[in-house]
Structure formats: structure tokens, C-alpha cells
Amino acid sequence: MGATPLEYRLKALIRLGGPVSIADYMAICLGDPEHGYYMARDPFGAKGDFVTAPEVSQMFGELLGLWAADIWLQAGRPAPFNLVEIGPGRGTLMLDALRACRVVPGFLAAARITLVETSPRLSAIQQERLTCAGHAAGWATTIDNIPDGPAIILANEFFDALPVRQFVRLQGIWRERVVGLDAHDNLGFGIGPAVLPTTDVPAHLRGADDGSILELAPTASAIAETLARRIVRSGLALLAIDYGYTETAVGDSFQAVRAHSPADPLARPGEADLTALVNFEVLARAAHHAGAQVSGPVEQGDFLTQIGLMERAGRLGADKDRAAREAIAADVHRLVAAEEMGSLFKAIAFAKPGIAPAGFG
Ligand code: SAH
């Protein structure tokens with residue numbers, strides 16, 4: 001198999017300018033306008049590379065829609081308000097959410113829908129599916145272009161796609177991990193010139209073993225803070241669900257997935273999904289800093305159970321045959337069981353003080 005177009009481009013870039021950070025490598029592989037992973041393909045579902053919760057079951061988007069409607073009711077039914085999804089993939093979550101919210105009088109009429117999506121390919125799919133279902137929506141390519149006014153913002157598996165930097169502890173000094181070229185002109189990991197000041201390392205990790213890796217998520221932190229400021233200024237709330245950890249720790253979570261299997265993150269650039277686990281402590285800190293009220297993180301299994309997954313599954317299966325009921329039970333298991341998505345995935349909410357997001361008990 002020959003090199004991917006992005007591999008040629010990355011190697012040329014490295015020959016000219018030297019090794020790139022893990023963050024730059026991730027950003028290029030995912031976001032290169034021509035050959036980036038999300039730009040050119042539809043990675044979801046059984047035929048794609050991975051399956052996300054909204055693609056597992058319609059119940060996921062339906063419950064998130066009703067979660068949003070509850071926020072809207074608590075806020076006194078503002079009209080209009082922005083219903084926003086960041087990183088909407090195939091648009092499935094939003095479609096399921098909107099369908100479920102038909103039962104909430106006034107909600108759909110008040111909602112101005114905005115989808116924030118960088119990929120032209122995916123926004124075309126979202127547009128086609130929303131139009132088919134009879135919904136008018138607007139698109140933005142960055143969070144800075146979300147229309148003003150109160151907003152309810154949803155983000156599922158968005159933060160894991162944002163670039164992280166990695167620092168390796170070597171003889172007591174935290175040095176940046178980079179992607180460069182090895183003796184055979186292949187992409188390989190190396191150590192770059194940047195050093196992380198010890199004061200930026202959480203105190204309990206300063207004595208970590210040599211070779212330990214610390215990940216920083218500057219982009220996730222900046223986006224979380226911007227969104228939280230907006231929520232505090234104009235209302236209403238944000239809900240983010242993703243796979244990640246709740247307290248900063250050492251470890252290498254930079255990973256690639258291709259065709260439902262783990263892959264080498266440096267192989268086939270542009271053809272594999274690259275992610276890093278989300279550091280929820282970073283998101284929570286950014287939101288606190290902006291003055292938002294933070295709920296969670298809690299495990300996805302607990303969150304979905306609290307907002308009514310079992311009841312929804314029961315109703316969905318009520319007039320179905322046994323096979324369909326078993327399929328629904330299997331979907332529930334996949335979403336909530338600890339050994340499936342229930343524990344690794346977590347939910348966090350930011351809200352304007354005074355709003356009490358459901359699901360965080
Ligand atoms: N939420 C969907 C898709 C998750 S995949 C689901 O659960 O199925 C990540 C999504 O985020 C894709 O739609 C991708 O194109 C989008 N994305 C990645 N980086 C982005 C960025 N910086 N801004 C907006 N969207 C981004």
C-alpha cells in the first residue's frame with residue numbers, strides 16, 4: 001500500500017520545519033481541508049470506523065432532546081432560543097432530539113437550530129437529513145459563529161477530536177513528544193525542544209516515573225471556557241458527553257481507530273480517526289473559571305438512567321415483538337453497562353446559575 005496523500009504532505013512539512021507536536025499532527029490528520037479524516041468521509045456506523053451512542057439507539061438523542069426541553073422550561077420558555085449541536089456527525093442525535101421534543105408545546109417553534117461542523121462532507125449529510133425531516137437549520141464552522149442569545153448546546157464525542165499536546169518526563173524534565181522522521185524516512189515519535197515548566201505540572205504528578213506521559217488539552221480548555229462564558233452571559237446550558245477521565249493523571253491516550261479496530265496513530269494519516277481521552281477536570285476547571293455552574297462529570301450509564309432510559313426503552317418496546325424488544329434491551333446494555341459505554345463515557349453540564357440540569361442527581 002502506498003503512502004496516503006497526507007503522509008507525503010506531513011513528511012514534506014517535517015523536512016522543512018522539523019518535527020511537529022502531537023497536537024499539530026492530530027489537527028492536520030483530522031482537519032486538513034483536502035485530506036483530513038473528517039473532511040472527506042462519513043466515518044460512522046457499521047461500515048465506517050466507529051459507532052457512537054446516537055448511532056447505537058434513537059433513545060440517546062431522544063433523551064438528550066428532552067433534557068434540553070427541561071432546561072428550556074426551567075428558563076421560562078424563552079423564544080427564540082438557540083438549539084446548538086457541536087460536532088453533529090451524521091445529524092442523528094439532533095433528528096432524534098427534535099422528534100422527541102414534538103411533545104413539548106412551543107419548543108420546536110422557539111428553537112433556532114445551529115449545527116457547528118468543520119467538515120463540508122458531514123454538514124451536507126446533516127443538511128439533507130434535517131431538510132428531509134422538515135427542519136430549518138443554520139450551519140457554523142466555529143463556535144464563534146453561533147448566533148447570539150440564549151442557547152442550549154449539545155456535544156457528543158466532540159471534545160475527544162480536539163488536539164492534545166504530550167509531554168514525557170525524562171530525567172526529571174517534561175519534554176514535548178513530537179512526530180518526526182526516523183532513519184528510514186518513516187514517521188516516528190521523538191522528543192522536541194519544548195519543555196513544560198514544573199509549575200504547570202499538577203503537584204501530585206511531579207514525581208512521576210521517568211517515561212511517564214502527561215497530556216495537555218489547550219484547545220478543549222479554550223473552547224470549554226468560551227462556551228461557558230457564553231452560557232453565563234446569555235444562558236442557558238451545555239451538555240457534553242465523551243469518553244475520558246475525571247482527574248488529571250499520567251498516561252498516553254492518543255489513539256487511532258480504523259474499521260472498528262485500534263490502529264497505529266502514525267500509520268495511514270488521514271485514514272484513521274485520531275482521538276485522545278477527554279480530561280473532564282480540564283473542562284470543569286475552564287467552566288468554573290468562566291463562572292458557570294458545573295454538574296458532573298457522572299458516568300454515562302448513571303446519567304442516561306436518571307433521565308429515563310429504562311422508561312423510554314419500556315415504552316419503545318411495548319408494542320413490539322420479542323426480537324425487537326431484545327434488540328432494544330441490547331442497545332440499553334451497550335449504552336449503560338460498565339463494560340460497554342456506561343463507565344468510560346461521562347456527562348458534564350455547564351449552566352447559568354439558577355438552572356438545574358437533569359441527570360446529575
Ligand atoms: N456527535 C456525533 C459525531 C461525533 S464525531 C456522534 O455522536 O455521532 C466528531 C464530530 O465533530 C464530527 O462531526 C466532526 O466532523 C466534528 N468536528 C471535529 N472537529 C471539529 C471542530 N473543531 N469544530 C466542529 N466540529 C468538529
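Whatever order the structure lists them in is the order used to number ligands and atoms, beginning at 1. Residues take their numbers from the sequence shown, with the count starting at 1.
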Any side-chain heavy atom of Y37 sitting closer than 4.5 Å to one from L6?
no
For P54, the ligand 1 atoms with a heavy-atom partner under 4.0 Å come out as 6 (C), 7 (O), 8 (O)
Can you tell if the side chain of W67 reaches within under 4.5 Å of the side chain of I152, non-hydrogen atoms only?
yes
Ligand 1 atoms nearer than 4.0 angstrom to some heavy atom of F158 are 20 (C), 21 (C), 23 (N), 24 (C), 25 (N), 26 (C)
Sub-4.0 Å atoms of ligand 1 with respect to non-hydrogen atoms of G89
2 (C), 3 (C), 13 (O)
Is T52 in polar range of ligand 1, meaning some N or O pair under 3.5 Å apart?
yes
Report, in ascending order of atom number, the atoms of ligand 1 lying under 4.0 Å from any heavy atom of P88.
2 (C), 13 (O)
Protein residue, atom and distance nearest to atom 4 (C) of ligand 1, heavy-atom basis:
E157 O, 3.4 Å
Output yes when the distance from some N or O of ligand 1 to some N or O of G87 is under 3.5 Å, and no in every other case.
yes
Between N156 and ligand 1, does any nitrogen or oxygen pair lie at a separation below 3.5 Å?
yes
Shortest protein contact, atom 15 (O) of ligand 1 (heavy atom only)
E117 OE2, 2.5 Å
Are a donor atom and an acceptor atom from the side chains of D302 and Q306 found within less than 3.5 Å of each other?
no
How far is atom 5 (S) of ligand 1 from its nearest protein heavy atom, and which residue and atom name does that atom have?
Y38 OH, 3.5 Å
Are the side chains of R177 and D252 in touch, meaning some heavy atoms are under 4.5 Å apart?
yes
Sole residue of L238, L236, T114 in side chain to side chain contact (heavy atoms under 4.5 Å, CB included) with I153:
L238
Residues in side chain to side chain contact (heavy atoms under 4.5 Å, CB included) with A292, at least two apart?
A228, V232, A287, F350
Name all residues meeting the salt bridge (Lys or Arg N to Asp or Glu O under 4.0 Å) criterion together with K11; count only those two or more places apart in sequence or in a different chain, and write none if there are none.
E7
In ligand 1, the atoms that come under 4.0 Å of a heavy atom of L122 are 12 (C), 13 (O), 15 (O)
Is a side-chain donor-acceptor pair under 3.5 Å present for Y245 with S253?
no
Nearest-neighbour protein heavy atom for atom 19 (N) of ligand 1, which is reported as residue plus atom name and distance:
T118 OG1, 3.9 Å
